[in-house]
Amino acid sequence: MRKKAYRKIDIAGPGFINFTIANSMYRDALVSIRKQKTAFGTTEHGAEQRILIEFISANPTGPLNIVSARAAAYGDSLYRIMKRCGYRPEREFYINDAGNQVDILAESIELRYRELYNEDIGEFPVEAYHGQYVIDLAQKLKSIEGSRLIHVAERDRLEKMKEFALAQIMAMQQLSLERFDVEFDSWVSERVLRGQGTVEEILSFLTEAGCTYEMDEAVWFSASKFGDEKDRVLMKTDGSITYFVPDIAYHITKYQRGFDKMIDVLGPDHHGYIPRLKAAIRALKHDEEKLEIIFLQQVNLFDEGEKVKMSKRAGMIVTMDELIDVVGKDAARFFFIRRKPSAHLNFDLFLATQKSSENPVYYCQYAHARIHSILKKAKKENIDPDDFHTRNLKKLVRDDEMLLIKQLVDFPNVIIAAADNREPHRVADYVVELSGMFHKYYQKHTIVNKNYPDLSKARLYLITAVRDTLKNAFYLLGISAPKKM
RNA sequence: GCGCCAGUAGCUCAGCAGGAUAGAGCAACGGCCUUCUAAGCCGUAGGUCCGGGGUUCGAGUCCCUGCUGGCGUGCCA
C-alpha cells in the first residue's frame with residue numbers, strides 16, 4: 001500500500017505552488033529519528049576528510065584573554081560539528097614560545113623578582129608585561145628558589161626565569177581551557193620546531209627556489225613575486241630571524257602531515273600577514289587552496305556601556321577565567337558561538353552579570369530540563385512510554401506537532417551547513433528555535449494525562465526526540481544538558 | 001592612500017542557494033501560575049534593512065558607487 005506524500009497542493013500567488021506534506025510522512029520521519037537514538041545527526045557527509053583546525057595559539061606570556069575565549073568556543077565547536085558530519089578533524093595549539101615576546105616576559109619577571117629583594121629597578125619599562133600575574137610569578141619563584149638567582153650570571157638567570165614562566169603560564173592556560181571544556185589533540189611548540197633545524201631548512205629551501213636575496217645586511221624573501229604587496233624580511237640585520245620563518249616552517253609541517261584541509265582560526269590583527277604566508281607556501285610549491293584562514297573579528301568589552309580598553313602588556317585584560325567566574329562556562333560559550341565569526345562582538349560584562357536572562361542559553365537548557373520533569377511525571381502517573389506501538393503516533397495530528405518534527409528532521413542538515421560554512425552559530429540558532437517551539441507546545445498542550453494514555457505516550461515519544469536532539473546539539477556547542485534547573 | 005570586516009527594531013544580533021507580510025532575545029506596555037518547572041507562554045508597540053544607482057518577474061541577500069565605524073598596512077608576534 002502506498003501512502004500519500006502530500007495532504008494538499010494549492011496555488012499561492014504568483015509563481016508559488018504549495019505542497020502540504022502529509023502527516024504520515026512526518027510521523028515516519030519521527031520514528032526514524034527515534035530509531036537512530038544518539039546517532040541522529042551523524043552523517044558521512046565529510047567523507048573522512050582529514051581537517052586540521054588550529055585555534056587560540058596564544059603567546060604564553062599571560063593568562064588567556066577574552067579573545068582567546070572566543071576562539072576557544074569557536075574552534076572547539078567547529079571541531080565537534082565537523083566530526084559529527086563525517087570529517088576527521090584534529091585540534092591543534094601552536095605555542096609561540098620563542099622570540100621577542102618571551103624574552104620580554106623573562107625580563108619582566110626578572111625585574112619583579114629583584115624588586116622583591118628591594119633592589120631599585122627604576123621605572124618599570126613600558127614594553128614590559130605589567131600584569132599582576134607577573135608579580136605573582138616572581139613571588140612564586142622566590143618561594144621556590146629564594147635569593148639564589150640574584151647571584152647567578154644574568155644570562156643564566158634570564159634563561160631560568162624564562163623556563164619557569166613558560167611552564168607556569170602554559171599550565172595556567174591549560175587549566176582555563178579545561179574549565180572551558182576545550183581539549184587539543186596536539187600542541188606544537190615553536191621552540192621545539194626551531195630546535196629541529198626546520199628554520200634553517202626553510203631558509204635553504206627558499207634560497208634554492210631562488211626567492212631570497214640580501215639587502216641592507218638582511219635576508220629578504222621576494223614575496224611580491226608571489227602575490228604579496230612587498231618583499232619581507234626573513235633574517236634581520238642582527239642575524240636573528242623574524243617570526244615569519246618558523247611560521248612558514250610550521251605550516252609546511254601541516255602540509256607534510258597530509259591533511260586534506262588546514263584551517264587557521266586567527267584574530268583580525270593577522271589578516272595583513274596572510275598574503276606573505278600564502279606567498280611562501282606558493283614559493284615552496286604547496287597547494288595554497290588547502291590552507292583556509294578564518295578571521296574571528298574582535299571582541300569589544302563594555303562595562304555599563306563603557307568600552308574597556310584592553311592591553312596585555314599593560315596588564316589591563318579581562319581573562320578567560322574571570323569571564324567563566326562571572327557568567328559561567330555554558331553562558332560564555334553560548335554567547336561567543338551565537339555570533340557569526342565575521343561579526344564584531346560587543347560584550348557587556350555588566351549586562352552579563354546583571355541580567356542573565358538576556359542569555360538564551362538558559363532558555364534552551366530550560367526546555368531540556370522541562371522535558372525531563374515531564375517524563376518524571378509520566379512515570380509517577382504510571383504511563384510507560386516504552387509500552388508503545390508506533391501506530392499510536394496517529395494521535396499526533398496537530399500542526400505544531402508536525403512543525404516540531406519538521407524542525408527535528410532538519411538537524412542533520414544544520415550540522416552539515418554549519419560545518420561547511422565554518423559557522424557553528426547555525427547550530428546555536430537552531431537550538432534556540434527548537435527550544436522555542438517546544439516551550440510553546442508545552443504551554444498549549446498537556447502532555448501527560450492519565451485519562452488519555454495513548455495520546456500521552458505519543459506525545460512523550462515526540463518530546464523524547466526533542467530532548468535527545470537538544471542534548472545532542474548542546475554537546476556540539478560544548479554546553480551542559482541539565483535535567484533540573 | 002590601499003586592503004579586510006561590519007552597518008537590519010531603543011540595545012545585542014539572526015536572516016541558509018535571490019522568493020511570499022524582514023525575525024529572535026533584551027528593554028517598554030498589557031495579560032497568564034489550585035493543572036507536566038513562570039529561567040516559560042500570549043498580546044501590544046517598535047523598521048526609508050546606511051544613502052544612491054543597476055541586474056531581475058522578484059533584492060536585506062548579487063553588481064557598481066558614495067558615507068560611517070572598527071582593524072590591518074613593522075627587520076613585533
Side-chain angles (χ1 to χ4, degrees), chain A residues 12-16 18 57-59 61 96 98-102 104 127 190 215-220 229-230 232-244 246-247 267-275 293 295-298 300 302 305 312-313 335 338-348 351-352 354-367 369-381 383 410 413-414 416-418 420-421 423 425-426 428-430 432-433 435-436 438-449 456 459-460 463 482 484-485:
Chain A
F16 293 92
N18 288 343
S57 296
N59 282 340
T61 53
N96 290 117
N100 242 339
Q101 299 303 327
V102 191
I104 292 172
E127 69 276 10
E190 182 181 345
M215 189 179 81
D216 302 336
E217 292 170 64
V219 179
W220 296 70
E229 58 183 15
K230 58 182 174 188
R232 307 289 175 175
V233 171
L234 296 170
M235 191 181 283
K236 304 182 227 173
T237 321
D238 66 3
S240 67
I241 52 162
T242 60
Y243 68 96
F244 183 33
D247 209 33
D269 47 333
H270 285 77
H271 75 245
Y273 169 67
I274 296 310
I293 313 290
F295 292 107
L296 287 183
Q297 289 303 314
Q298 90 195 84
N300 294 316
F302 291 81
K312 202 182 220 173
R313 281 192 203 150
F335 191 93
R338 275 211 89 193
R339 270 69 181 177
K340 64 179 173 190
S342 60
H344 296 216
L345 195 156
N346 292 328
F347 194 113
D348 195 314
L351 277 181
Q354 293 301 302
K355 299 172 232 161
S356 58
S357 63
E358 177 146 342
N359 198 314
V361 67
Y362 301 104
Y363 182 81
C364 302
Q365 291 180 319
Y366 187 47
R370 245 181 178 169
I371 296 174
H372 266 275
S373 58
I374 295 170
L375 289 167
K376 222 159 66 185
K377 160 92 174 175
K379 205 171 174 186
K380 221 165 91 190
E381 302 283 346
I383 293 175
D410 223 21
N413 294 326
V414 170
I416 290 168
D420 288 355
N421 293 296
E423 291 183 340
H425 79 275
R426 291 168 190 247
D429 286 348
Y430 172 84
V432 173
E433 225 172 295
S435 303
F438 169 74
H439 282 308
K440 288 178 178 76
Y441 179 66
Y442 164 90
Q443 212 74 33
K444 217 158 133 194
H445 310 293
T446 307
I447 290 158
V448 175
N449 185 337
S456 295
R459 288 180 171 169
L460 287 167
I463 67 165
K484 218 165 66 178
M485 285 175 82

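Proteins come first, then strands; the chains are lettered A, B, ... in the order of their sequence lines, and each starts at number 1.
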Chemist: Can you measure from CD1 (I371(A)) to CG (L460(A)) and round to the nearest 0.5 angstrom?
Modeler: 10.5 Å
Chemist: Between I447(A) and N421(A), who's closer to the 5' end of RNA chain B by nearest nucleotide?
Modeler: N421(A)
Chemist: Distance check, C1' atoms only: U56(B) and C62(B), in whole angstrom units.
Modeler: 10 Å
Chemist: Give one of base, sugar-phosphate or nothing for H270(A), where a contact means two heavy atoms less than 4.0 Å apart.
Modeler: base
Chemist: For G31(B) versus G70(B), give the span between their P atoms, rounded off to a whole number of Å.
Modeler: 44 Å
Chemist: Which nucleotide, if any, forms a Watson-Crick or G-U wobble pair with U21(B), using both distances under 3.5 Å?
Modeler: none
Chemist: Please write out the pairs of protein N or O atoms and N or O atoms of nucleotides 6-9 of chain B separated by less than 3.5 Å, giving the distance to one decimal.
Modeler:
| residue | atom | partner | partner atom | Å |
| --- | --- | --- | --- | --- |
| A6(B) | OP1 | S342(A) | OG | 3.3 |

Chemist: Roughly how far apart, to the nearest Å, are A45(B) and G30(B) at atom P?
Modeler: 15 Å
Chemist: Considering non-hydrogen atoms only, spot the tightest contact between F295(A) and G267(A) and give its length.
Modeler: CD2-O, 3.5 Å
Chemist: Taking the same atom, C1', in C16(B) and in U35(B), what whole-Å distance lies between them?
Modeler: 40 Å
Chemist: Return the value, rounded to whole Å, for the distance between atom CG of L345(A) and atom P of G70(B).
Modeler: 17 Å
Chemist: Should A14(B) form a Watson-Crick or G-U wobble pair with both distances under 3.5 Å, which nucleotide is its partner?
Modeler: none
Chemist: For the residue pair R426(A) and Y430(A), would you count it as a cation-pi contact if the rule is NZ or CZ under 6.0 angstrom from the ring centre and within 45 degrees of the ring axis?
Modeler: no
Chemist: Using the C1' atom in both, what is the distance from A77(B) to G40(B), to the nearest Å?
Modeler: 49 Å
Chemist: With a 3.5 angstrom cut-off on both distances, give the Watson-Crick or G-U wobble partner of C41(B), or none if there isn't one.
Modeler: G31(B)
Chemist: Can you give me the closest heavy-atom contact between A428(A) and R338(A), atom names plus distance?
Modeler: CB-CG, 4.0 Å
Chemist: Across all strands, who's sitting opposite U48(B) as a Watson-Crick or G-U wobble pair, both distances under 3.5 Å?
Modeler: none
Chemist: Mind checking A369(A) for me? I need base, sugar-phosphate or nothing, with any heavy atom below 4.0 Å counting as a touch.
Modeler: base
Chemist: Kindly indicate whether the side chain of Y243(A) and the base of A77(B) share any N or O donor-acceptor pair separated by less than 3.5 Å?
Modeler: yes
Chemist: Could you state the atom-to-atom distance from CZ of F438(A) to P of A38(B) in whole Å?
Modeler: 11 Å
Chemist: Partner lookup for G58(B), please. Criteria are Watson-Crick or G-U wobble with both distances under 3.5 angstrom; report none if nothing qualifies.
Modeler: none
Chemist: May I ask you to establish whether R370(A) and Y442(A) are in a cation-pi arrangement, using a distance under 6.0 Å from NZ or CZ to the six-membered ring centre and at most 45° from the ring axis?
Modeler: yes
Chemist: Nearest-Å distance, CD (Q443(A)) to C1' (G31(B))?
Modeler: 13 Å
Chemist: Starting at the 5' end of RNA chain B and moving along, which residue's nearest nucleotide shows up first, Y441(A) or I241(A)?
Modeler: Y441(A)
Chemist: When rounded to the nearest 0.5 angstrom, what distance separates CG in L296(A) from NZ in K340(A)?
Modeler: 13.5 Å
Chemist: Verify the contact: side-chain N or O of R370(A) to OP1 or OP2 of A38(B), cut-off strictly under 4.0 Å; return yes or no.
Modeler: yes
Chemist: With no hydrogens and no angle check, just 3.5 Å: does a side-chain donor-acceptor pair link E190(A) and N96(A)?
Modeler: yes
Chemist: Please work out if D238(A) contacts a base, only the sugar-phosphate, or nothing of the nucleic acid, heavy-atom cut-off 4.0 Å.
Modeler: nothing
Chemist: Is the backbone N or O of V233(A) less than 3.5 Å from a side-chain atom of T242(A), with the two atoms forming a donor-acceptor pair by type?
Modeler: yes
Chemist: Look at the side-chain N and O atoms of Y363(A) and state whether any lies under 4.0 Å from the OP1 or OP2 oxygen of C41(B).
Modeler: yes
Chemist: Which way is the base of C42(B) turned, syn or anti, if we draw the line at 90° from 0?
Modeler: anti
Chemist: Within the 4.0 Å heavy-atom criterion, would you say Y442(A) contacts the bases, only the backbone, or no part of the nucleic acid?
Modeler: base
Chemist: Would you say the rings of Y243(A) and Y273(A) are close, in the sense that their centroids are separated by under 6.0 Å?
Modeler: yes
Chemist: Whole-Å distance between G15(B) P and R426(A) CZ?
Modeler: 7 Å
Chemist: When the C1' atoms of C67(B) and U21(B) are compared, how many Å lie between them, rounded to an integer?
Modeler: 31 Å
Chemist: Has the side chain of T242(A) got a donor or acceptor atom sitting under 3.5 Å from an opposite partner on the base of C75(B)?
Modeler: no
Chemist: Return the value, rounded to whole Å, for the distance between atom NZ of K230(A) and atom C1' of G1(B).
Modeler: 13 Å
Chemist: Now, which nucleotide makes the Watson-Crick or G-U wobble pair with C71(B), with each of the two distances under 3.5 Å?
Modeler: G3(B)
Chemist: I need the minimum non-hydrogen distance between P341(A) and H425(A), along with the two atoms involved.
Modeler: CD-ND1, 4.2 Å
Chemist: Considering Watson-Crick and G-U wobble pairs with both distances under 3.5 Å, what does A77(B) pair with?
Modeler: none
Chemist: List in numerical order all residues of residues 372-380 of chain A for which some heavy atom is under 4.0 Å away from an atom belonging to RNA chain B.
Modeler: S373(A), I374(A), K377(A)
Chemist: Classify the nucleic acid contact of E229(A) as base, sugar-phosphate or nothing, counting any heavy atom under 4.0 Å across all strands shown.
Modeler: sugar-phosphate
Chemist: Between A20(B) and U61(B), how far apart are the P atoms? Round to whole Å, please.
Modeler: 13 Å
Chemist: If the P atom of C29(B) is compared with that of G23(B), how far apart are they to the nearest Å?
Modeler: 25 Å
